[in-house]
Structure formats: structure tokens, C-alpha cells
Amino acid sequence: MGLNDTPSGERLHIGFFGRRNAGKSSLINAITGQEVAVVSPEKGTTTDPVAKAMELLPLGPVLLIDTPGFDDTGDLGELRVKRTRRILNKTDIAVLVLDAAEGMTAVDEELMQIFREKDIPHLIVCNKCEDEKPPSSAGNERIFHVSALKKLGINELKERLSQIMPQEKPRAFVRDLLSPHALVLLITPMDKAAPKGRLILPQQQAIRDILEARSLPLVCQETEISAALDSLKNAPDLVICDSQIFKKAASFIPESIPLTSFSILMARYKGFLSEAVNGIAALPRLADGDTVLISEGCTHHRQCNDIGTVKIPHWLTEHTKKKLLFETSSGQTFPEDLQKYQLIIHCGGCMLNQREMLYRMKCAKDQGVPMTNYGTLIAHLHGILQRSLGLFPHLAKRL
């Protein structure tokens with residue numbers, strides 16, 4: 001990701017679905033004006049989902065996702081279809097691509113049913129229409145006729161995509177909690193997993209939000225907390241820290257100053273902080289032999305004292321005094337069957353879009369598995385969860 005790029009978790013995810021050789025890859029190339037996807041007359045050319053981040057007018061920052069054919073066969077074909085189903089869980093807009101010569105088939109109807117079940121805004125696009133045709137109808141659905149080869153109907157398609165773009169309620173990371181000129185102290189350890197010369201995404205997002213609120217960010221490392229406080233004429237209005245140093249930060253910051261973490265704010269931003277707080281109630285029920293899933297939305301090289309594989313298992317075992325089993329997942333991988341787990345601990349989800357994060361939360365809830373997140377759990381294990389939720393009294397009073 002470049003310095004000026006919108007993070008993938010903040011982009012509109014547009015997935016292209018359909019049968020093999022319906023023209024999904026060709027259509028993406030026509031929309032972008034680039035050779036993004038490999039095109040071939042052979043069926044099954046796209047064997048894995050391919051994503052391309054772009055600024056696409058009039059849609060803005062998007063992530064276009066080309067998927068394998070939903071009618072793929074054989075053992076490998078089943079795996080590809082499974083990956084395609086997984087893509088549906090993070091798709092904000094779905095484009096069903098039909099072959100003009102074959103029209104709607106049972107496979108396409110199955111995809112349409114999934115779109116409806118998951119409440120995904122969608123379009124039906126009939127590709128390989130080499131003569132211009134106006135949109136037609138199939139039941140209550142409009143069908144757009146395009147030719148990726150001749151670039152017919154492409155501009156109209158992009159315009160229609162912008163019209164059905166989900167209208168989300170404005171979300172704020174922290175700026176809605178601040179007044180102009182509020183002073184915010186950000187305690188940001190240098191994360192070894194972050195790209196060289198970069199802060200991790202929640203830290204960047206917090207700084208941007210504070211500036212947009214016309215407030216004043218002061219950034220320091222955990223070794224400079226005292227120096228930062230001593231340099232201030234007035235006490236900060238809010239302190240945000242990395243969850244891993246919650247305990248140390250709490251020992252320096254007076255109780256009168258609100259204190260929370262980047263992870264807790266990210267969980268609120270993604271829409272699952274309430275469930276994360278509820279998930280804390282599962283800790284006293286953990287027993288010897290129970291399995292805990294620790295899930296991260298990103299993939300990175302594990303450090304020797306990694307938060308997900310080392311620190312959290314250690315802290316949780318120390319807190320519960322139980323012999324627990326731990327499993328991990330990362331990136332786009334998230335188990336469909338969660339019945340074996342007694343608790344799921346998820347990262348803040350900064351690399352996942354909101355739809356994907358809410359899907360994971362719903363999977364856990366539907367299967368009766370409690371789910372919390374890194375920041376909420378760590379604050380609880382260090383005895384400061386009540387304080388860290390002081391900005392959200394409706395959640396703090398549940399504890």
C-alpha cells in the first residue's frame with residue numbers, strides 16, 4: 001500500500017460472480033481500462049480470487065474482486081467455489097455476469113439467492129452483447145447488456161454501480177468524541193510488524209481523525225509518557241494507547257483523564273464493540289481443555305513475543321488458571337464451523353471491511369460462541385476495562 005492509498009478495509013468491495021467463461025475477467029478489464037485480470041477462452045482461467053485496488057470514477061476508492069467460476073467442478077473446483085463463497089462475506093456490491101449466449105442458468109439463480117440472503121446490493125450484467133441493447137428485466141431485476149470486447153455499455157454500468165452503492169451512516173474513529181482544540185495524547189509503541197517508516201493503521205487513523213476534529217494530537221512512545229505529561233501546560237482531554245501497554249499507561253495517567261485503546265476504538269468503528277464487551281462474560285466459564293480461537297484480519301511475520309500467539313495466550317492462561325488450547329487464524333481465513341471453540345478473540349479488524357467483520361461476528365453469534373477483541377480482553381485482564389470504556393457509559397455499565 002502506498003502512502004496515499006486508501007486502506008483496503010476502507011474501500012468499497014465490488015465482487016464479480018458467475019459461471020466459468022461468462023466474461024467476468026474481461027468485464028473487470030473493460031471497467032478499469034487495464035489488463036487487471038488474465039483473459040482466456042479456456043474455462044476456469046481464474047483459479048483464485050484476484051483483487052485490484054483502484055480509484056474508479058464515479059465510485060471513488062474501490063476493491064474489484066474477480067472470482068473463479070461458481071460452476072467449477074472436481075475437487076479443486078469445489079475448493080475454488082468455497083473461496084468464492086468466502087468472498088461473498090465481504091462484498092459490498094455483487095455483479096452477476098451472464099454469458100449472452102446462455103442467459104440465466106440454475107447456477108446464476110443460486111448466486112442470486114445468496115445475494116438476497118446476505119442482503120448484498122447487486123446487478124445482473126449480460127456480457128458478450130456485441131450490439132447495443134437497452135437494459136431488460138428478469139422478474140424484478142434489471143439486466144444490463146454490455147460488451148467487454150467492444151466497450152459497449154461500460155460507462156452506463158459504472159454509473160449504475162455508483163447509484164446502488166450502499167449509503168452507510170457516517171462513522172468516526174474518535175472525532176465524534178472530541179471538541180475543537182481538545183488535546184489527545186497518543187501512546188504508540190513502534191510496532192515491529194509495521195512497514196519500515198510507518199505507523200500501524202489504527203494509529204494513522206486516530207491521528208487523521210483528531211486533526212479532522214480540529215483537535216490537537218501529541219504522540220509519544222511508552223518510554224516517554226512522563227516526559228510528554230510534564231511538557232503539557234494542561235492535562236490531556238483523552239489518552240489513547242496501544243492495548244499491549246494498557247497496564248503501564250494506566251499507572252501513569254491519572255484516573256480523572258479518560259483512557260482507552262486503539263483496538264477498542266477500532267472495534268467500535270467496525271461495529272462490534274458491543275459484542276466484544278458481552279464476550280468478556282465467557283471468561284469465568286472457561287475450563288481445562290477448552291479451545292480458544294485467536295483470529296487476526298491481517299497477515300504478518302510473527303515476532304518472538306507476538307501479541308496473538310504469545311502474549312494473549314500467556315495472559316489468558318495466567319488469568320483463568322486453566323489449561324486452555326489455542327488455535328489461530330489470520331488474513332481471509334476464518335473457520336465456518338466454530339462449534340469447537342468456547343471463545344473467539346479477534347483483533348480490531350483494521351484490515352477487514354465492516355461487512356466482513358460483522359459477518360464474522362454474526363457467525364459466532366449464530367453458533368453460540370462468545371467473541372471479544374484484543375483491546376477489550378487485555379483491558380479486562382489488566383483490571384481496567386471499566387475505565388477504558390468510560391467514553392461509552394452504556395457499555396461500561398454492563399460490567
Side-chain angles (χ1 to χ4, degrees), residues 187 189 191 193 202 222 225 239-253 255 258-268 270 272-297 302-330 334-335 338-349 360-361 364-365 367-393 395-399:
I187 308 172
D191 196 311
E222 75 274 21
I225 300 176
V239 176
I240 307 171
C241 71
D242 187 282
S243 298
Q244 299 181 60
I245 60 157
F246 241 145
K247 192 173 183 178
K248 182 176 182 179
S251 69
F252 280 92
I253 307 301
E255 288 277 351
L259 170 67
T260 192
S261 78
F262 296 103
S263 181
I264 285 176
L265 291 173
M266 183 60 75
R268 179 183 82 119
K270 296 295 182 178
F272 78 108
L273 180 57
S274 180
E275 285 300 318
V277 173
N278 291 341
I280 293 297
L283 267 61
R285 300 195 295 268
L286 292 175
D288 289 339
D290 281 353
T291 303
V292 176
L293 174 65
I294 300 178
S295 186
E296 294 186 348
R302 299 288 185 183
Q303 306 294 324
C304 60
N305 204 21
D306 181 70
I307 179 67
T309 57
V310 179
K311 289 184 178 179
I312 286 179
H314 170 73
W315 288 331
L316 190 57
T317 300
E318 190 176 56
H319 176 84
T320 61
K321 303 294 190 286
K322 303 297 181 183
K323 296 178 181 178
L324 302 171
L325 304 175
F326 293 94
E327 292 186 7
T328 60
S329 71
S330 60
F334 188 74
L338 302 171
Q339 295 296 323
K340 66 184 291 186
Y341 306 112
Q342 283 70 49
L343 176 65
I344 299 170
I345 306 169
H346 207 289
C347 69
R360 294 185 178 195
M361 182 185 77
K365 196 169 185 179
Q367 297 180 53
V369 182
M371 180 172 169
T372 188
N373 89 308
Y374 282 19
T376 307
L377 176 77
I378 293 170
H380 175 75
L381 296 181
H382 290 157
I384 55 173
L385 181 55
Q386 189 93 33
R387 181 181 179 184
S388 69
L389 293 175
L391 296 167
F392 317 110
L395 297 178
K397 70 181 182 181
R398 295 183 191 173
L399 303 174

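- In this structure, Ser274 and Val277 have side chains that are not in contact, with every pair of non-hydrogen atoms separated by 4.5 Å or more.
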Item to complete: Carefully, step by step, assess Leu389 and Thr260 under the rule side-chain contact (heavy atoms from CB on, under 4.5 Å).
Response: CA-CA 7 Å; Leu389 293 175; Thr260 192; 6.0 Å; no
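- Considering only heavy atoms from C-beta on, Phe326 comes within 4.5 Å of Leu316 through its side chain.
- Dense packing is recorded around NZ of Lys311, with more than 12 heavy atoms of other residues, nucleotides or ligands lying under 6.0 Å away.
- Closest approach of Gly368 to Pro370, counting heavy atoms only: O-CD, 3.7 Å.
- At least one side-chain heavy atom of Glu296 sits less than 4.5 Å from a side-chain heavy atom of Ile307.
- Proximity of a side-chain donor or acceptor of Ser263 to a complementary backbone N or O of Gly375 within less than 3.5 Å is detected.
- No more than 12 heavy atoms of other residues, nucleotides or ligands sit less than 6.0 Å from atom NZ of Lys247.
- Listed here is the closest heavy atom pair of Ser261 and Ile264: OG-N, 3.1 Å.
- Taking CD of Gln342 as the start and CG of Leu324 as the end, the distance is 9.0 Å to the nearest 0.5 Å.
- Side-chain contact between Pro202 and Leu265: absent, with no pair of heavy atoms (C-beta onward) separated by less than 4.5 Å.
- How far CZ of Arg387 is from CG of Leu385: 12.5 Å, rounded to the nearest 0.5 Å.
- Residues Arg285 and Asp290 come closest through the heavy atom pair O-OD2, 4.0 Å.
- In this structure, Gln244 and Pro189 have side chains that are not in contact, with every pair of non-hydrogen atoms separated by 4.5 Å or more.
- The side chain to side chain contact (heavy atoms under 4.5 Å, CB included) test with Ile345 singles out one residue from Val292, Ile378, Thr328, and that residue is Val292.
- Scanning all heavy atoms of the two residues, the minimum distance from Asn373 to Cys347 falls at CB-O, 4.2 Å.
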Practice prompt. With side chain to side chain donor-acceptor pair (under 3.5 Å) as the test, would you mind laying out the steps for Gln367 and Tyr341 before giving the verdict?
Written response: CA-CA 10 Å; Gln367 297 180 53; Tyr341 306 112; over 6 Å; no
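- Atom CZ of Arg360 and atom CZ of Phe272 lie 10.0 Å apart (nearest 0.5 Å).
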Item to complete: Apply side-chain contact (heavy atoms from CB on, under 4.5 Å) to the pair Leu381 and Glu318, showing each step before the final yes or no.
Response: CA-CA 9 Å; Leu381 296 181; Glu318 190 176 56; over 6 Å; no
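- Classification of the Trp315-His382 ring pair by plane angle, with boundaries at 30° and 60°, yields perpendicular.
- The structure places OG1 of Thr372 at 9.0 Å from CG of Asn278, a figure rounded to the nearest 0.5 Å.
- Nearest heavy atoms, Met266 versus Gly348: CG-O, 3.2 Å.
- To the nearest 0.5 Å, atoms NZ (Lys248) and CD1 (Ile253) are separated by 11.5 Å.
- In this structure, His346 NE2 and Ile294 CD1 are separated by 11.5 Å, a value rounded to the nearest 0.5 Å.
- Of all heavy-atom pairs between Leu283 and Thr320, the closest is O-CG2, 4.3 Å.
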Worksheet item: Do Asp242 and Ile187 pass the side-chain contact (heavy atoms from CB on, under 4.5 Å) test, and can you show the C-alpha distance, the side-chain angles, and the key distance before you say yes or no?
Response: CA-CA 7 Å; Asp242 187 282; Ile187 308 172; over 6 Å; no
Item to complete: Evaluate the criterion side-chain contact (heavy atoms from CB on, under 4.5 Å) for residue pair Lys270 and Met361; output intermediate values, then yes/no.
Response: CA-CA 11 Å; Lys270 296 295 182 178; Met361 182 185 77; over 6 Å; no
